[in-house]
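A short write-up of the structure that comes next.
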Amino acid sequence: MRTSIGQIGSFVGETVTLEGWLYNKRSSGKILFLQVRDGTGLIQCVVVRNEVGDELFERCRRLTQESSIVVSGVVRRDERSQSGYELSVTDVTLVQESADYPITLKEHGVDFLLDHRHLWIRTPRQRAILKIRSEVERAISEFLHEQGFTRVDPPILTPSSCEDTTELFHTQYFDEEAYLTQSGQMYCEAAAMALGKVYSMGPTFRAEKSKTRRHLIEFWMVEPEMAFYQHEDNLALQEQFVSHIVQHVLEHCPHELEVLGRDTSKLSQVRPPFPRLTYDEAIRWLQDHGHDIQWGDDFGAPHETALASQYDRPVFIERYPTQIKAFYMQPDPQRPEVVLCDDLLAPEGYGEIIGGSERIHDYDLLQQRFEEHDLPLDGYGWYLDLRRYGSVPHAGFGLGLERTIAWICGLEHVREAIPFPRLLYRLYP
RNA sequence: UCCCCGAUAGCUCAGCGGUAGAGCAUCCGGCUGUUAACCGGAGGGUCGUAGGUUCGAAUCCUACUCGGGGAGCCA
């Protein structure tokens, strides 16, 4: 019976065949322990000389790390095994012999591991992270579809900047200048006017020379955009959304979180409502706690960490000064010097995982903002059109996938939260 | 772009002015319950590159290259 390690518990007492790779091997003279992995799990296969004969035993003794093999044997429950099950081997076939596998079970440096990322992802820890990434993506899709959202896929190649500050990757589009997208938001706004509630999920690119544990050059964002949503609706959706993602991973990935050594008691508390601070309150709190910061300054990483560390769940900071936020954000009608926006800061120092806002829906105000920010009106005609033909209040946000995964997994660095990270000065493999 | 740190065996590191070292990996041998198994043996090096100081440089100095951590910017 051909099966996988993840299903092995259903075959106790039966003879099964597994297809996988040799993760590790220990020998003890006349008994051999093969640690075999197949992507669904890890199992110890026991080869006893007296049971299998000298020829097979000798072949197993010569198997090398990461050789691909097909193993047959009888499934046993065994308390001495870490997974609870073992396989008593009856036959082993070599598919391909692996020679001089570079990644050993000992410690390795970051540079070496990143150079061998194509092999590093075979280790149990990296497998657990990628599994959780997949479940985070599934939780996102399932939640948003249940809430009536339609997925739209905005373009990667764009004619110009969506915002005015950050640096973009430049490329040629035949005879035209083009850039890799840094946000699908403006396209999602157009799609929200067609479909009501929409979201995009895909890669974005920032050509910034950021070199910290929170930055990737190529990273993934989920960007929901909702017609007829205002600031309060936006915040309520965000806290339900983030809570759902965290609870989904807790439910579906207990084994993976254990492999990562994650303290899940902190994640269990992530449920609505999330604490909220206005920008004004946050500035005052920071000033009261010895930080040198004035109203009108943007928060630095140490400020975010200090603010977030007060809470056991993510915290909203809302209503930032208009002057330090993006041009398309809706001013607070009571206080036009601030905008109806929010940042969501993850606990435990993981920083900003969401940036969101209500968008300007008034044509004249948006056009005025274009002039103030010296943006080329001709390239944004289509974006202004959205405010000419049935404009409605709308809001949306962007969630950084790798930062969210790094937080849920308790990672030191976002580079482990994506299969093949693109980092400053690193494009290989 | 700025600040700090690093580069020695396939890997992780020690050595910090006087003959190049250890553990793991590899190969050989031993062990019937191992858990990054263990025990014995063997092979394995232009000490990142280029200059300089010195009787003598892996070691001290300068520049460069590559990488790591952080800041700014951002998600």
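Proteins come first, then strands; the chains are lettered A, B, ... in the order of their sequence lines, and each starts at number 1.
- Rounded to the nearest Å, the gap between the P atom of B/rG72 and that of B/rG51 is 41 Å.
- Near RNA chain B, meaning a heavy atom under 4.0 Å from it, residues 393-407 of chain A has A/Arg403 in order of number.
- Across all strands, A/His116 comes closer than 4.0 Å to no nucleic acid atom at all (heavy-atom distances).
- Remark: A/Tyr279 engages A/Trp295, A/Phe299, A/Tyr320 in a ring-ring contact (aromatic ring centres under 6.0 Å, His included) (not counting sequence neighbours).
- Between A/Arg37 and A/Glu66 there is a salt bridge, since a side-chain N of the basic residue sits under 4.0 Å from a carboxylate O of the acidic one.
- You'll find that the side chain of A/Glu86 is closest to B/rG33, out of B/rA36, B/rG72, B/rG33.
- Put simply, CG on A/Asp100 is 14 Å from C1' on B/rA9, counting in whole angstrom units.
- Taking atom CD of residue A/Gln44 and atom C1' of nucleotide B/rU34, one finds them 7 Å apart after rounding to whole Å.
- Using a cut-off of 4.0 Å between Lys/Arg side-chain N and Asp/Glu carboxylate O, A/Glu208 and A/Arg206 are scored as not salt-bridged.
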Before you tell me yes or no, could you show the steps for A/Val75 and A/Leu87 under side-chain contact (heavy atoms from CB on, under 4.5 Å), namely the whole-Å CA-CA distance, both residues' side-chain angles and the distance that decides it to 0.1 Å? CA-CA 5 Å; A/Val75 180; A/Leu87 196 74; 3.8 Å; yes
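- Checked against the 6.0 Å centroid threshold, A/Phe327 and A/Phe370 count as a close aromatic pair.
- Here A/Glu135 does not pair with A/Lys131 in a salt bridge; the nearest charged N to carboxylate O distance is not below 4.0 Å.
- In this structure, B/rC66 forms a base pair with B/rG6, meeting either the Watson-Crick or the G-U wobble geometry with both donor-acceptor distances under 3.5 Å.
- Residue A/Arg61 has no polar side-chain atom (N or O) positioned under 4.0 Å from OP1 or OP2 of B/rC27.
- Residues meeting the ring-ring contact (aromatic ring centres under 6.0 Å, His included) test with A/His145, sequence neighbours left out: A/Tyr199.
- Within residues 25-43 of chain A, the residues approached by RNA chain B to less than 4.0 Å at the level of any non-hydrogen atom are A/Arg26, A/Ser27, A/Ser28, A/Gly29, A/Lys30, A/Ile31, A/Phe33, in residue-number order.
- Between A/Lys209 atom NZ and B/rC73 atom P there is a gap of 17 Å when expressed in whole angstrom units.
- Using atom P as the reference point in both B/rG48 and B/rU59, the two lie 8 Å apart (nearest Å).
- Every residue two or more places apart in sequence or in another chain was checked for a side chain to side chain contact (heavy atoms under 4.5 Å, CB included) with A/Ser309, and none qualifies.
- Side-chain atoms of A/Ser210 come within donor-acceptor range of the base of B/rG72, with a qualifying N/O pair under 3.5 Å.
- Proximity note for A/Phe219 (side chain, C-beta onward) versus B/rU1, B/rA75, B/rA71: the nearest is B/rA75.
- For A/Asp342 and B/rC74, the CG to P distance is 16 Å, given to the nearest whole Å.
- Aromatic pair A/Tyr179/A/His170: ring centres closer than 6.0 Å.
- Remark: A/Phe149 engages no residue in a ring-ring contact (aromatic ring centres under 6.0 Å, His included) (not counting sequence neighbours).
- With B/rG68, B/rG72, B/rG33 as the choices, the nucleotide that has an atom nearest any side-chain atom of A/Leu114 turns out to be B/rG68.
- Per the geometry, CZ belonging to A/Arg206 stands 15 Å off C1' belonging to B/rG72, to the nearest Å.
- Straight-line distance between the C1' atoms of B/rC11 and B/rA71: roughly 32 Å, to the nearest whole Å.
- The partner of B/rA22, taking Watson-Crick or G-U wobble pairs whose two distances both stay under 3.5 Å, is B/rU12.
- Between A/Phe11 and A/Tyr85, a ring centre-to-centre spacing not shorter than 6.0 Å is recorded.
- Nucleotides B/rA25 and B/rU65 have their P atoms positioned 38 Å apart, rounded to a whole Å.
- Using a 4.0 Å cut-off between charged side-chain N and carboxylate O, A/Arg319 and A/Asp280 make no salt bridge.
- Here A/Asp343 pairs with A/Lys325 in a salt bridge; the nearest charged N to carboxylate O distance falls below 4.0 Å.
- Between B/rA50 and B/rC55, the distance separating the two P atoms is 23 Å to the nearest Å.
- When the C1' atom is compared between B/rA22 and B/rA14, the two are found 7 Å apart, to the nearest whole Å.
- For residues 88-100 of chain A, the set of pairs meeting the side-chain hydrogen bond (donor to acceptor under 3.5 Å, both in side chains) definition, not counting sequence neighbours, comprises A/Arg76-A/Ser88.
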Name the pairs: protein N/O against N/O of nucleotides 10-12 of chain B, kept only if under 3.5 Å.
{"unit_1": "B/rC11", "atom_1": "O2'", "unit_2": "A/Glu107", "atom_2": "O", "d": "3.3"}
{"unit_1": "B/rC11", "atom_1": "O2'", "unit_2": "A/His108", "atom_2": "ND1", "d": "2.5"}
{"unit_1": "B/rU12", "atom_1": "OP1", "unit_2": "A/Gly109", "atom_2": "N", "d": "2.9"}
{"unit_1": "B/rU12", "atom_1": "O4'", "unit_2": "A/Glu107", "atom_2": "O", "d": "3.4"}

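- Relative orientation of the A/His244 and A/Phe143 rings is tilted, given thresholds of 30° and 60° on the angle between their planes.
- In this structure, of B/rG69, B/rG33, B/rC28, it is B/rC28 that holds the atom nearest to the side chain of A/Arg62.
- A donor atom on one side chain and an acceptor atom on the other are found under 3.5 Å apart for A/Gln238 and A/Asn234.
- For B/rG17, there is no paired base (Watson-Crick or G-U wobble, both distances below 3.5 Å).
- Listed nucleotides: B/rG33, B/rC73, B/rA36. Nearest to the side chain of A/Val46: B/rG33.
- A straight line from CD of A/Glu66 to P of B/rU26 spans 13 Å, rounded to a whole angstrom.
- Here the side chains of A/Ile353 and A/Leu345 are not in contact, with every heavy-atom distance at 4.5 Å or above.
- With C1' as the reference atom, B/rC47 and B/rG40 are 30 Å apart, rounded to whole Å.
- A heavy atom closer than 4.0 Å to some atom of RNA chain B occurs in A/Asp298, these being the qualifying members of residues 270-299 of chain A.
- A/His291 is linked by a ring-ring contact (aromatic ring centres under 6.0 Å, His included) to A/His303, counting only residues two or more places apart in sequence or in another chain.
- Distance A/Tyr199 OH to B/rA75 C1': 19 Å, rounded to the nearest Å.
- B/rG33 and B/rG68 are spaced 42 Å apart, taking the C1' atom of each and rounding to whole Å.
- Contacts between residues 238-245 of chain A and RNA chain B, defined by a heavy-atom separation below 4.0 Å, involve no residue at all.
- Remark: B/rU59 base-pairs with no nucleotide in the shown strands. Criterion, Watson-Crick or G-U wobble with two distances under 3.5 Å.
- The environment of CZ in A/Phe112 is crowded: more than 12 heavy-atom neighbours from other residues, nucleotides or ligands sit within 6.0 Å.
- The pair A/Arg214-A/Glu402 does not meet the salt-bridge criterion, since no charged nitrogen lies less than 4.0 angstrom from a carboxylate oxygen.
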Kindly indicate, with the supporting measurements, whether the criterion salt bridge (Lys or Arg N to Asp or Glu O under 4.0 Å) is fulfilled by A/Glu416 and A/Arg127. CA-CA 10 Å; A/Glu416 287 183 81; A/Arg127 191 204 82 93; over 6 Å; no
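- Near-neighbour residues of RNA chain B inside residues 419-429 of chain A, defined by a heavy atom below 4.0 Å, number-ordered: A/Tyr425, A/Arg426.
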